[in-house]
Enquirer: 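Quick one: structure below, then a few questions.
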Amino acid sequence: MTAATLDQGTQAGLSTRRLSRWTLLGVLVADVLVSLGLFAVTPLQGRADFGVFVLLVYLALQTMLSISVEGRRKAVDRFVLAVVVGSFVVALLPLASILVYTSVHGAKRFDTTFFTHSMRNVGPNDPGGGAYHAIIGTLEQLALTTVIAVPLGLLVAIYLTEYARGRFGRFVSFFVDVMTGIPSIVAGLFIYALWIQTLKLGYSGFAGSLALVVIMLPTVIRSSEEMLKLVPPSLREAGLALGMTKSKVVLRIVMPTALPGIVTGVMLAMSRVAGETAPLLLTLFGIDQIVNDPFHGPQEALPLFIFNEISRPSPEAYDRAWTAALTLIIIVMVFNLLARLFVRFASRNRGSARA
Amino acid sequence: MTLSRGRTALGALGLAAAGLLAISACGSDNNTTSSGSSTPAAGGSSSSSSASGITCASGTLTASGSTAQQNAIDAWTKAYQTACSGATINYPGGGSGQGYKDFVAGTDDFAGSDYALSATQKPAADKRCSAGGGTAVDLPMTPGAIAIGYNLPGVTGLKLSANTLAQIFSGKIKKWNDPAIAADNAGVTLPSTTITTFSRSDTSGTSFNFSNYLANDAPSDWSYGANKQFPGPGTQGEKGSALVASSVKSTTGGIGYFELSYATTDGLSTASIGDSAGNFIAPTAAATTAFLSKATVVGTGGDLALKFDYSAADASATSYPNTLVTYEFVCTAGNKNAGLLKDFLTYTSGAGQSILTANGYVPLPTAIQTQVQTEVATIS
Amino acid sequence: MTSTAPAAPGRSRLLQERRTVPDRGFRVLVIAAAYVVLAILAGIAIFLVLKAVPALHKDTANFFTTFAWNPDNTPAQFGIGVLAYGTLVTALLALVIAIPVALGVALFIAYYAPRALAQPLGYLVDLLAAVPSIVYGFWGLLFLRPYSAGLQTWVARYFSWTHVLGTSTGTVGQSFFLAGTVLAVMILPIVAAISREIFLQVPQTQREAALALGATKWEMIKWSALPYARSGIASAAVLGFGRALGETIAVAIVLSTNYELVSKLLSPGGNTIAANIALTYSDAGQVGTGALIASGLVLFVITLVVNLVARAIARQSTPAGSVV
């Protein structure tokens, strides 16, 4: 933030008057003191509320001061800077609080038993037991979902950006948007009715994956489409001018250029489905023992495990639920990290990171 | 260039697959060492299981349904699977409606439900069983008390008549020192705290039976009837009994209803509630069994659906009327896993009843238990 | 298949593409993929309609105006009005809260943060998407509710004259506001991530031109970045809105549901279509399941309408040709 502030200063020119950092610091201190006073005498209360209040008052004071000293344009610029930095901090607050909350509650059972044992023969009030079966289930279901949804989604995104012309393209694009609005539980209901009730293929990890595919597809398509759209047309034209076929242009030029963005989108989509509970409730028939085969018979998954354990009248179960939540978050984060590393590695191989 | 990238991607995929395979080889279903006999519930069950007539059929039993009985089934499953290592019983809950659907679809060997089969449900269930020459029957299995838990520091042994409860849960009484509550609790100093009522936001047999009790014992103050979606206005809805209990715990002046085990876990005070004759009864196992023993079997042809008797208070005033009983739907004949099904249900309706109290339920009254056992013996 | 792709053979293009067999194969493949997605969607729509219609026939009350949900009672009575209203209100609230923050985050990472830190910081925000929805639900209920109670009480006390920012029960807590806030946090990463990628793709020449003309950083953003990114931001917003409309478990846990038309945002109560499905599905009977699927169909239609409107707006506000 300081670097950015200095940067602003140099741009503002030499002759203009501008606020020094010390003035702004003074404003902040005054703001905190006045707010403390207000919170002491008025019904305002709470630490979180105090933070919000101080921030708002600071914004107002800084803007007024800046208008009078530096002029309107500079004041607006300063205001935007504060808002932008502020929103970044605001966005990180929930993340931090969720991580701390989950870690504190999840630490109790974060032990080897938890990661190597299932819940078979663990009674409702027993300590011990673990989520091994759920972890295996989640990993397998997630892998199956990704293997189906990502190639299909990418192809549709390529169709929409590179091949679609006219009404049919708009039609497809419109219905992809509509698909994002399918509530996850309706996706579950659909697969339940089709796969389990009509085709009688039974509950399985794969049935769960199919429900997740329905949820993951539109997100993959939409975000990949946005990233493909951003590839400059000049790159495509250059490829075509060199005599490449269209499919080669798409696969060798457009896709690699958009890859970092696409991977981000895919990771977000995977993160989302990894935590889905509702569709799995209807398709997995979550059970207590280890099942390694996702195609035959019921399987467990981490979100279901959390859902079941947290609603039991037992502190042991409650602890297991939060440890499972922590585990699920860690799994998704590790995936994210691996994907980033992969992108970095891949684009370094290519020589250029971004268009 | 692209070749190397293709290889990288392929390599990553292969690595992921190999990793998955590697992990999938190192887990264990064996929890005997970690869970051991450290809890009284487990200890009681394992000692009794040997003498319970378990003959150890093997195979896998698939069931689903009521979450109200999930802890009971889990405890029974643990005891049964510990005694018979060749048996697996899967009961993921899912709710009474889901249990019925799975039963009708034939994916369940038996289903748990908070309600007996209704007239509209019966035909489809019978149809599923008719292939094997049987019919679908209700077997009462796990009764439990629905406790009224409250959070009012300094006040213990609260008494609430059915009419007072009806007024609280319909938002008519708003303060704890309301004359109606004071009249129920002579000599107790009540604070002027605002009452916050918590109910279940999801549909449940718990809500149905509680509202059914109010509709029967306080008809003048409860016009909303019995409903699985709690019908009282002005309550805060929470998903599941665990959240109702924890909300009551964290809210001074809070009151809510949930299975007795949640009150025990969260250390909440429970109220003695009024029956139709104006007696106050605490939610004990004995009082709940006493109430159930007055129930009459209304099912026919082996079906043991019960009808609760709210009207007649027994002379000793010891029956707790706010009660839930779960049923198992089973086919009388033609079961795929008949041996295991029969053996497991013989255990749950027989020796298994003794571990219910330790898990927050109450055992079936002897008369009903005998009928259930007779019915289970005919399953084929 | 050929008829629906009124494509190119005879059309004159800037550059005529070379066509080879693999090239045609790829083209067929991507078009087939598009049809697969349409088929899935059609399958879902048909399934919803087939299951919904019998239940709607059993409804003895008006499906659109009844404020109750008792499909398994005899006679069955249920209405979608309250649920649809709650769904839209919570999703709109989420959007109103999330969009400014997400844009702020995206701008910060694209233009303000030090170069070396920009990417890691971006990933940090992406991690919000790593939190399962069920954890969001419990976090909202057990953490956010008590911690925001002070602010909510304060707002309710001094702004109740606005009606919307009031509470009818005297208590605050599991309200539309809380649900909207949790949803906002949930849709933040997707909106922020897409906007960020788009801001990063704004041609450097455009940005430098603005700065060279003496524009402040904000003026550069306003004149060269935002117009370029507008359609992308709009579709990010629609994506976030769609997700907020359909979120199930988190809302089911956070909201204290009832079937009343709650107009005061801080008041506990209200319900959404998806949450109602999650809360009542497990115990639903024959008609009940059909009724819930009918409500899913309504949500489907709402999403359809929202997308239509969003497209109309995007078409009007984006000058032709200004965006890729």
Side-chain angles (χ1 to χ4, degrees), chain A residues 3-4 44-46 48-49 73 76-77 80 83-84 87-88 90-91 94-95 97-98 101 152 155-156 158-159 163 165-166 168 172 175 177-181 183-186 190 193 222-223 226 229-230 237 240 245-247 261 264 268 271-272 275 277-278 303 306-307 325 328-329 332-333, chain C residues 4 6-7 15 17-18 20 22-23 26 29-31 33-34 37-38 41 44 47 101 104-105 107-108 112 114 125 127-135 139 143 147 150-151 154 185 188 190 193-194 197 201 216-218 232 238-239 242 245-246 248-249 274 277-278 296 299 303-304 307 324:
Chain A
L44 287 160
Q45 51 181 311
D49 308 3
R73 282 182 60 211
V76 170
D77 196 47
V80 171
V83 167
V84 163
S87 38
F88 184 72
V90 164
L95 180 68
S97 83
I98 287 171
Y101 194 88
L152 186 58
L155 284 177
V156 177
I158 288 173
Y159 168 75
Y163 289 89
R165 292 191 201 95
F168 185 67
V172 173
F175 279 103
D177 280 354
V178 171
M179 212 171 165
T180 61
S184 53
I185 195 157
V186 170
F190 171 63
R222 220 58 193 86
S223 57
E226 286 306 323
K229 265 195 208 163
L230 291 170
E237 283 156 14
L240 292 172
T245 61
K246 183 152 188 177
S247 57
T264 306
L268 286 170
S271 311
R272 178 184 170 185
T277 314
I306 302 171
F307 185 82
L328 185 50
I329 294 178
V332 177
M333 284 182 177
Chain C
T4 39
L15 288 158
E17 302 141 14
R18 263 182 53 210
T20 59
D23 197 43
F26 187 71
L29 190 66
V30 295
I31 293 175
V37 170
L38 285 184
L41 201 66
I44 293 174
F47 149 75
V101 178
V105 169
L107 287 173
F108 175 77
Y112 286 90
V125 177
L127 286 185
L128 272 175
V131 179
S133 53
I134 186 167
V135 174
W139 171 77
F143 180 87
Y147 276 83
L151 183 70
W154 185 81
V185 180
L188 185 69
I190 188 92
I194 295 180
E197 293 295 328
Q201 301 278 0
T216 61
K217 204 164 213 169
W218 164 241
V238 170
L239 206 60
L245 284 174
T248 311
I249 289 283
I277 297 177
L299 184 53
T303 323
L304 213 103
N307 278 298
V324 187

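This is a predicted model, so every value here is computed, not measured. Side chains are part of it too, since the values below use all heavy atoms of this structure and drop only hydrogens, waters and symmetry mates.
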Enquirer: Shortest non-hydrogen contact from A:Glu226 to C:Ile194?
Expert: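 It is CG-CG2, 4.2 Å.
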
Enquirer: Taking atom CG of A:Asp177 and atom CG of C:Leu304, what is their separation to the nearest 0.5 Å?
Expert: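 Answer rounded to 0.5 Å: 10.0 Å.
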
Enquirer: Grab the two heavy atoms, one from A:Ser87 and one from C:Val101, that are nearest each other, plus how far apart they are.
Expert: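 Minimum heavy-atom contact is O-CG1, 3.5 Å.
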
Enquirer: How close do A:Val186 and C:Gly296 get, heavy atom to heavy atom, and via which atoms?
Expert: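 That closest heavy-atom pairing would be CG2-CA, 4.1 Å.
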
Enquirer: Are A:Ile158 and C:Phe26 close enough that some pair of their side-chain heavy atoms sits under 4.5 Å apart?
Expert: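 A side-chain contact exists here, since the closest heavy-atom pair is under 4.5 Å.
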
Enquirer: Just so I understand: if I count every heavy-atom pair under 4.5 Å between each of A:Leu328, A:Ile98, A:Thr264, A:Val83 and chain C, which residue has the most?
Expert: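 Option with the top pair count is A:Ile98.
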
Enquirer: Rounded to the nearest 0.5 Å, how far apart are CD1 of A:Ile185 and CD1 of C:Ile249?
Expert: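 Between atom CD1 of A:Ile185 and atom CD1 of C:Ile249 there are 6.5 Å.
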
Enquirer: Tell me, for A:Tyr101 versus chain C, whether the close heavy atoms (under 4.5 Å) come from the side chain, the backbone, both or neither.
Expert: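 The answer is the side chain of A:Tyr101.
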
Enquirer: Could you have a look at C:Leu128, C:Ile44, C:Leu188, C:Val37 and say which one has the most heavy-atom pairs with chain A under 4.5 angstrom?
Expert: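 Top count of heavy-atom pairs under 4.5 Å with chain A: C:Ile44.
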
Enquirer: Between atom CG of C:Leu29 and atom CG of A:Leu152, what is the distance when rounded to the nearest 0.5 Å?
Expert: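 Atom-to-atom, C:Leu29:CG and A:Leu152:CG are 9.5 Å apart.
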
Enquirer: For A:Ser97, which atoms come within 4.5 Å of any heavy atom of chain C: side chain, backbone, both, or neither?
Expert: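 It is both, since atoms from each part get that close.
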
Enquirer: Minimum heavy-atom separation for A:Pro183 to C:Thr248, with atom names?
Expert: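 Between these two residues, the closest heavy atoms are CB-OG1, 4.4 Å.
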
Enquirer: Check each atom of A:Arg272 against the heavy atoms of chain C and say whether the ones under 4.5 Å are side chain, backbone, both or neither.
Expert: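 Contact with chain C: backbone and side chain both.
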
Enquirer: Considering only heavy atoms and a distance below 4.5 Å, find which of A:Ala193, A:Pro303, A:Ser247, A:Ala278 pairs most often with chain C.
Expert: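 Option with the greatest count: A:Ser247.
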
Enquirer: Do A:Val76 and C:Thr216 make a side-chain contact, defined as non-hydrogen atoms from C-beta onward lying under 4.5 Å apart?
Expert: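 The answer is no; the side chains never approach within 4.5 Å.
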
Enquirer: Quick check on C:Leu38 against chain A: is it the side chain, the backbone, both or neither that has a heavy atom closer than 4.5 Å?
Expert: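 Just its side chain gets close to chain A.
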
Enquirer: Which atom names give the shortest non-hydrogen contact between A:Thr277 and C:Ile134, and what distance separates them?
Expert: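 Answer, listing the atom of A:Thr277 first, then C:Ile134: OG1-CB, 3.7 Å.
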
Enquirer: When you look at C:Tyr112 and A:Val80, which way does the side-chain contact (heavy atoms from CB on, under 4.5 Å) test go after all the steps?
Expert: CA-CA 11 Å; C:Tyr112 286 90; A:Val80 171; 3.6 Å; yes

Enquirer: Please report the shortest heavy-atom distance between A:Ala325 and C:Val135, naming the atom on each side.
Expert: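 Here A:Ala325 and C:Val135 meet closest at CB-CG2, 3.5 Å.
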
